[in-house]
Amino acid sequence: MIGRTRNDKIFDAINGFLLLILLLAVAYPLYFVVIASISSPTLVNSGEVLFYPKGLNFTGYTFVLQDEMLWHGYLVTIVLTVVGTIINLALTFTGAYALTKTHLPGIKVIMFLFTFTMFFSGGMIPTYILVSKLGLRNTIWSMILPSAVSVYNLILVRTYIMRSISEEIMDAARIDGCGDWRLFLSVVLPLSAPIMATMALFYGVGHWNQFFAALIYISDQDLYPLQLVLRNLLLAGQNAMTDMISGGASGMDPQYIADLMQRAEILKYAVIIVATVPILAVYPFLQKYFVKGIMAGSLKG
């Protein structure tokens, strides 16, 4: 093993210090949200909560978790995430495998058309009209089908298959009698576990955070996903507080008004935790595939 020089050690020390600063910059805001969500609103707003919780207070969680719409929103989001991710993976991997067949007539034109959609789209209003004409409004499919395939992810998976699964393996499977479907199911998918886990994470997080499509296409409260329920819950609390203050501020105790404002503020932190923790709990199980899948799918050797 070659010995490290003094300059190498200095570089490692500086690099480690910078990475530590970057880690703190990324991790502290999340940590602060956690401790602020269980601290006294008065102490949080006064800036006394910095490194550990003070004045334990679970009012925000009590208010959020008692809302029945929250649990219904969780159910909708779980169904949306599971069904949507399965459809995303099925379409992305079948499409990517088809695009690896460079000998097919017109494959370059097809690839160009896919890539073209990454830079140009019809826009929000034409998309809304299309979704409405297809009868998808106020259905869970309006949050799944318009984004069923990400072209960026499709290209990553295509590159992974072309780079990581050699033609010799493909030829050996064909000699053994595998057709395209058998080759895809028995050879390509098992060897694509890293990129599949990465794509599942990408698509799953996207569905879990689904908000804008639901805001546009869904008016039936029974189909509201979690993010939209939390947004409405937060707005309802803020609007109620505003109405109470503006409607009778002169006759209300100033301390009561201050308490209302503090509770509205602390509710924000509880909402963030409720929406974030479930997807954070899944990440460690997929993290070991993440770097390998992205690196293998990002370059073609």
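Keep in mind the model is a prediction, meaning the values are calculated, not measured.
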Side-chain heavy atoms of Thr139 within contact of Leu136, under 4.5 Å: yes

Quick one, Phe212 with Gln227, criterion side-chain contact (heavy atoms from CB on, under 4.5 Å). Give me CA distance, side-chain angles, the key distance, then yes/no. CA-CA 9 Å; Phe212 190 66; Gln227 305 297 334; over 6 Å; no

In this structure, CG of Asn88 is separated from OG of Ser150 (nearest 0.5 Å) by 8.5 Å

Would you indicate whether the side-chain heavy atoms of Met199 and Leu89 approach each other to under 4.5 Å? yes

Going from CE on Met196 to CG on Leu201, what distance comes out if it is rounded to the nearest 0.5 angstrom? 14.0 Å

Main-chain N/O of Val82 paired to His207 side chain as donor or acceptor, under 3.5 Å: no

Can you list the residues that meet the ring-ring contact (aromatic ring centres under 6.0 Å, His included) rule with Phe120, with sequence neighbours excluded? Phe116

Residues Ser192, Ile161; criterion side-chain contact (heavy atoms from CB on, under 4.5 Å); working and verdict: CA-CA 7 Å; Ser192 301; Ile161 294 174; 4.2 Å; yes

Do any N or O atoms from the side chain of Gln210 and from the backbone of Thr77 form a donor-acceptor pair under 3.5 angstrom? no

Counting only heavy atoms not in Leu18, do more than 12 sit closer than 6.0 Å to its CG atom? yes

Counting only heavy atoms from other residues, nucleotides and ligands, does the tally under 6.0 Å from OH of Tyr28 exceed 12? yes

Report yes or no: does Tyr31 contribute a side-chain atom to a donor-acceptor pair with the main-chain N or O of Phe51 at less than 3.5 Å? yes

Would you say that Val131 contacts Pro146 through its side chain, given a criterion of any heavy-atom pair below 4.5 Å between the two side chains? yes

For Arg182, check side-chain contact (heavy atoms from CB on, under 4.5 Å) against everything at least two apart and list the hits. Cys178, Ser186

Would you mind reporting whether Phe93 and Val157 have side-chain heavy atoms less than 4.5 Å apart? yes

Flag yes if more than 12 heavy atoms outside Lys101 fall under 6.0 Å of its NZ atom; otherwise flag no. yes

Any Arg137 side-chain heavy atom under 4.5 Å of Ser132 side chain: yes

For the side-chain contact (heavy atoms from CB on, under 4.5 Å) test, which of Leu223, Leu226, Leu75, Ile144 pairs with Leu80? Ile144

State yes or no: do Ile125 and Tyr128 share one hydrophobic cluster built from I, L, V, M, F, W and Y residues joined by side-chain heavy-atom distances below 4.5 Å, directly or via other members? no

Quick one: does any side-chain atom of Asn138 pair with a main-chain N or O of Ile218 as donor and acceptor, under 3.5 Å? no

Joint hydrophobic cluster, Ile155 plus Phe119, side-chain heavy atoms closer than 4.5 Å: yes

Smallest separation among heavy atoms of Leu91 and Thr94, with atom names: O-OG1, 3.2 Å

Using every non-hydrogen atom in the two residues, find where Val76 and Tyr224 come nearest and quote the distance to one decimal. CB-O, 3.7 Å

Could you measure the distance from the CZ atom of Phe114 to the CD1 atom of Ile110? Nearest 0.5 Å is fine. 7.5 Å

Are Trp141 and Ile87 close enough that some pair of their side-chain heavy atoms sits under 4.5 Å apart? yes

Over all heavy atoms of both residues, which pair between Leu99 and Arg158 is shortest? Give the atoms and the distance, please. O-NE, 3.0 Å

Determine the interplanar angle of the Tyr97 and Phe184 rings, folded into 0 to 90°, and report it as parallel if under 30°, tilted if 30 to 60°, perpendicular if over 60°. tilted

Pairing donors with acceptors under 3.5 angstrom, does anything connect the side chains of Tyr203 and Thr81? no

Please determine whether residues Leu22 and Leu20 belong to a single hydrophobic cluster, defined as Ile, Leu, Val, Met, Phe, Trp and Tyr linked transitively by side-chain heavy-atom distances below 4.5 Å. no

Is the shortest side-chain heavy-atom distance between Leu19 and Leu23 below 4.5 Å? no

Exceeds 12 heavy-atom contacts within 6.0 angstrom, atom CZ of Phe32: yes

What distance separates Thr127 OG1 from Tyr217 OH, expressed to the nearest 0.5 Å? 5.5 Å

Which atom pair, heavy atoms only, marks the closest approach of Ser142 to Ala213? O-CB, 4.5 Å

From Ile129 CD1 over to Met124 CE, what is the distance, rounded to the nearest 0.5 angstrom? 11.0 Å

Side-chain touch Val34/Ile273, heavy atoms, less than 4.5 angstrom: yes

Within a 6.0 Å radius of atom CZ on Phe11, are there more than 12 heavy atoms belonging to other residues, nucleotides or ligands? no

Say whether Trp181 and Val187 are linked into one hydrophobic cluster, either directly or through other cluster members, by side-chain heavy-atom distances under 4.5 angstrom. yes

